[in-house]
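Have a look at the structure below before the remarks.
Order of the sequence lines sets the chain letters (A, B, ...), proteins ahead of strands, with each chain counted from 1.
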Amino acid sequence: MQYWLMKSEPETFSIEDLQQAPKKITCWEGVRNYQARNFMAEGMAIGDQAFFYHSNCKIPGIVGIVKVVSESYPDHTQFDSESDYYDPKSTTAKPRWYMRDVKFVKRFKELVPLSALKANKSLADMQILQRGNRLSITPVSKKNWQRILEMVEKV
DNA sequence: GCCAACGTTGGC
DNA sequence: GCCAACGTTGGC
């Protein structure tokens with residue numbers, strides 16, 4: 001089993017939105033970066049877990065955990081000219097972008113803020129902490145996963 | 001294939 | 001709102 005971190009802007013889709021979704025499942029739409037897509041399409045497997053990260057908001061940080069519950073399949077929003085995620089260069093015969101379904105696992109009582117992740121020197125190799133990192137989906141090592149869970153328990 | 005221009009991300 | 005960092009686009 002592998003671990004991941006998935007970013008979402010809470011204004012667009014927050015962990016509260018996921019909790020309120022039918023069956024607490026959502027399709028993870030809108031990934032439009034090849035590296036992130038490859039992580040999702042080829043790197044992930046059903047049963048993997050991911051940190052849900054709120055980005056571009058007042059206090060960015062990890063707010064909970066989700067689980068991968070589907071194989072990858074074409075992201076329908078790429079074909080929808082009304083959608084912000086529309087990609088005119090993509091065709092149903094040859095889709096560029098893929099999604100998976102993820103399910104709510106838990107929401108932390110208090111988020112683990114980015115500032116706390118940065119302050120924890122043992123997490124220095126986390127991809128999200130590297131300078132200029134913009135990937136919306138990144139792998140997390142088992143060690144770092146456990147270290148972060150320990151930070152949650154201390155809250 | 002190079003690279004300048006442009007758009008986006010996301011913390012602050 | 002600012003801006004650094006990065007990815008993509010498109011002319012050549």
Derivation of the salt bridge (Lys or Arg N to Asp or Glu O under 4.0 Å) call for A:E16 and A:R107: CA-CA 9 Å; A:E16 292 88 345; A:R107 181 180 173 191; 2.8 Å; yes
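- For the 3.5 Å distance criterion, the side chains of A:Y73 and A:D101 qualify, holding a donor opposite an acceptor.
- No contact: A:K58 has no heavy atom under 4.0 Å from any strand.
- Taking atom CD of residue A:E11 and atom C1' of nucleotide B:dG10, one finds them 13 Å apart after rounding to whole Å.
- Nearest nucleotide to the A:R131 side chain, out of B:dC12, C:dC6, B:dG10: C:dC6.
- Residues satisfying the side chain to side chain contact (heavy atoms under 4.5 Å, CB included) criterion with A:R96, sequence neighbours excluded, are A:Y34, A:Q78, A:D87, A:K89, A:S90.
- The residue among A:R96 and A:G132 whose nearest nucleotide of DNA chain C is located toward the 5' end is A:G132.
- As rounded to whole Å, 11 Å separates atom P of B:dC12 from atom CG of A:L117.
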Please list, for nucleotides 7-9 of chain B, all pairs of protein and nucleotide N/O atoms separated by less than 3.5 Å.
| residue | atom | partner | partner atom | Å |
| --- | --- | --- | --- | --- |
| B:dT8 | O2 | A:R134 | NH1 | 3.4 |

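- Between the CE atom of A:M40 and the OG atom of A:S72 there is a distance of 7.5 Å, given to the nearest 0.5 Å.
- Checking each of A:T26, A:I65, A:D48, A:I25 against A:V102 for a side chain to side chain contact (heavy atoms under 4.5 Å, CB included) leaves exactly one that passes, namely A:T26.
- Shown here is A:D125, whose CG atom has more than 12 heavy atoms of other residues, nucleotides or ligands within 6.0 Å.
- A:L129 places its CG atom 11 Å from the P atom of B:dG11, with the value rounded to the nearest Å.
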